[in-house]
Amino acid sequence: MVWIPGGRFTMGEGARYPEEGPARVVEVAGFWMSRTEVTNAQFAAFVAATGYHTEAERDPPALAGAPPAMRQPGSAVFRVPTPDNLNWWGWVPGANWRHPSGPQSTITGRDHDPVVQVTYDDARAYARWAGLNLPSEAQWEYAARAGAAAVPEPVDAAGKPTANTYQGVFPVRDMGDDGYTARAPVGCFPANGFGLHDMIGNVWEWTSNAARPGQPANVIKGGSYLCAANYCARYRPAARQYQERDLGTDHIGFRLVDNQRPAPG
């Protein structure tokens with residue numbers, strides 16, 4: 001983990017998307033944060049130690065009128081739409097953290113990829129086991145900005161991508177100019193000013209903040225490999241979305257913070 005010195009910053013933006021505003025000044029105390037998202041290997045160690053079963057591996061809640069597929073353990077998986085099926089997302093039986101896209105997919109050889117298909121409660125269970133916490137939205141955004149008022153487009157001076165996002169016309173085809181058309185191993189791209197990797201792009205990350213009072217959803221931050229300049233461009237620190245707490249996907253992961261460990265001497 002790396003130490004994030006406390007400070008004051010302007011959180012949110014007022015002009016990009018309505019849910020990001022209004023911009024307001026927020027003060028954050030110093031804290032420790034994971035350099036990268038939690039990986040498949042790290043999550044596997046947790047499962048081996050505890051015998052934990054993620055929500056995607058359990059029978060889903062009974063929903064009146066649910067199709068047969070949604071009565072089986074599984075999760076949400078992104079798909080490229082076709083003329084006969086324009087949906088981007090589908091429930092795939094057998095999709096879980098070990099099989100992110102369904103039973104035929106695997107994480108074998110992908111120990112350093114960020115773990116996905118984890119719900120909010122799955123992430124919290126891992127955090128409790130590790131003696132750590134999910135970051136608050138303010139902690140997350142402050143760390144992602146790394147002292148900068150705004151973070152530029154994720155490309156360097158030569159136009160080379162500096163984060164794992166979607167290059168191409170979403171959702172038809174990702175050109176993979178960044179070297180990836182799905183999740184990338186953590187730490188592949190340059191760290192920000194605080195020494196944190198993948199704070200934008202790769203996978204969305206759970207925060208501890210509820211979306212709205214009474215709504216069973218939490219804020220996720222950072223965007224993912226599915227964020228494209230031509231569509232949502234939510235690979236920015238201020239960007240935020242609301243995600244149902246009991247639904248994982250193949251583009252949402254998490255990282256942790258330590259709010260108790262003293263500052264470095």
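As a basis for the values below, the full set of heavy atoms in this structure was taken, side chains included, without hydrogen atoms, waters or symmetry mates. None of these values were measured; they are calculated from a predicted model. Just so you know, residue 1 is the first one in the sequence shown, and it goes up from there.
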Taking the side chain from [X] and the backbone from [Y], do they hold a donor-acceptor pair closer than 3.5 Å?
X	Y	answer
Asp121	Arg245	no
Glu141	Ala138	no
Gln243	Leu247	yes
Thr39	Gln42	yes
Asn192	Leu196	yes
Trp3	Met33	no
Asn230	Phe170	yes

Check whether any side-chain heavy atom of [X] sits under 4.5 Å from a side-chain heavy atom of [Y], and report yes or no.
X	Y	value
Arg79	Trp89	no
Gln167	Pro161	yes
Ser75	Gln117	yes
Val219	Gln241	no
Asp258	Met1	yes
Trp204	Cys227	yes
Ser208	Asn133	no
Tyr225	His251	yes

Mutual orientation of the aromatic rings belonging to Phe43 and Tyr126 [parallel < 30°, tilted 30-60°, perpendicular > 60°]: parallel

Ignoring hydrogens, what is the shortest heavy-atom contact between [X] and [Y]? Give both atom names and the distance.
X	Y	result
Gly12	Ala23	O-CB, 3.7 Å
Tyr235	Ala228	CE2-C, 4.1 Å
Asn218	Asn209	ND2-O, 3.1 Å
Val116	Pro100	CG2-CB, 3.9 Å
Ala143	Phe194	O-CD1, 3.5 Å
Arg236	Glu20	NH2-OE2, 2.7 Å

Stepwise side chain to side chain contact (heavy atoms under 4.5 Å, CB included) test for Phe254 and Glu37: CA-CA 6 Å; Phe254 66 101; Glu37 299 128 343; over 6 Å; no

Calculate, to the nearest 0.5 Å, the distance between atoms [atom1] and [atom2] belonging to [X] and [Y] respectively.
X	Y	atom1	atom2	result
Thr162	Ile200	OG1	CD1	6.0 Å
Leu132	Leu256	CG	CG	5.5 Å
Tyr166	Leu226	OH	CG	7.5 Å
Ser105	Asp250	OG	CG	8.5 Å
Arg35	Met199	CZ	CE	13.0 Å
Trp140	Ile220	CH2	CD1	10.5 Å

Ring centre gap for Tyr231 and Trp88 strictly below 6.0 Å: yes

Sub-6.0 Å ring centroid separation between His53 and Trp97: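 His53 vs Trp97: aromatic centres not under 6.0 Å.
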
Polar side chain donor-acceptor pair, Thr82 to Asn85, under 3.5 angstrom: no

Thr119 side chain to Glu55 side chain, donor-acceptor N/O pair below 3.5 angstrom: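 There is such a pair between these side chains.
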
Are [X] and [Y] joined in one hydrophobic group, where the rule is that I, L, V, M, F, W and Y side chains link up if heavy atoms are under 4.5 Å apart?
X	Y	value
Trp129	Val38	yes
Trp206	Phe46	yes
Ile4	Val257	yes

Arg8 with Glu27: basic N within carboxylate O range, under 4.0 Å: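 Salt bridge: yes.
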
Electrostatic pair Lys221:Glu205 at N-O distance under 4.0 angstrom: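 Result for this pair is no, no salt bridge flagged.
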
Steps toward salt bridge (Lys or Arg N to Asp or Glu O under 4.0 Å) verdict (Arg110, Asp113): CA-CA 5 Å; Arg110 306 194 72 94; Asp113 279 18; 2.5 Å; yes

CA sep, side-chain torsions, deciding dist, call: Trp32, Gln260, side chain to side chain contact (heavy atoms under 4.5 Å, CB included): CA-CA 9 Å; Trp32 294 88; Gln260 304 301 320; over 6 Å; no

Residue His197 excluded, over 12 heavy atoms near NE2 under 6.0 Å: yes

Heavy atoms from other residues, nucleotides or ligands near CZ of Arg173 exceed 12 (cutoff 6.0 Å):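 Open.
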
Verdict with supporting geometry, Tyr52 and Asp122, side chain to side chain donor-acceptor pair (under 3.5 Å): CA-CA 9 Å; Tyr52 183 83; Asp122 295 335; 2.6 Å; yes

Cation-pi geometry met for Arg234 and Tyr17 (6.0 Å, 45°):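 Ring-cation test returns yes.
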
Partner of Arg98 by side-chain contact (heavy atoms from CB on, under 4.5 Å), out of Thr108, Val47, Asn40: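 The option that passes is Val47.
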
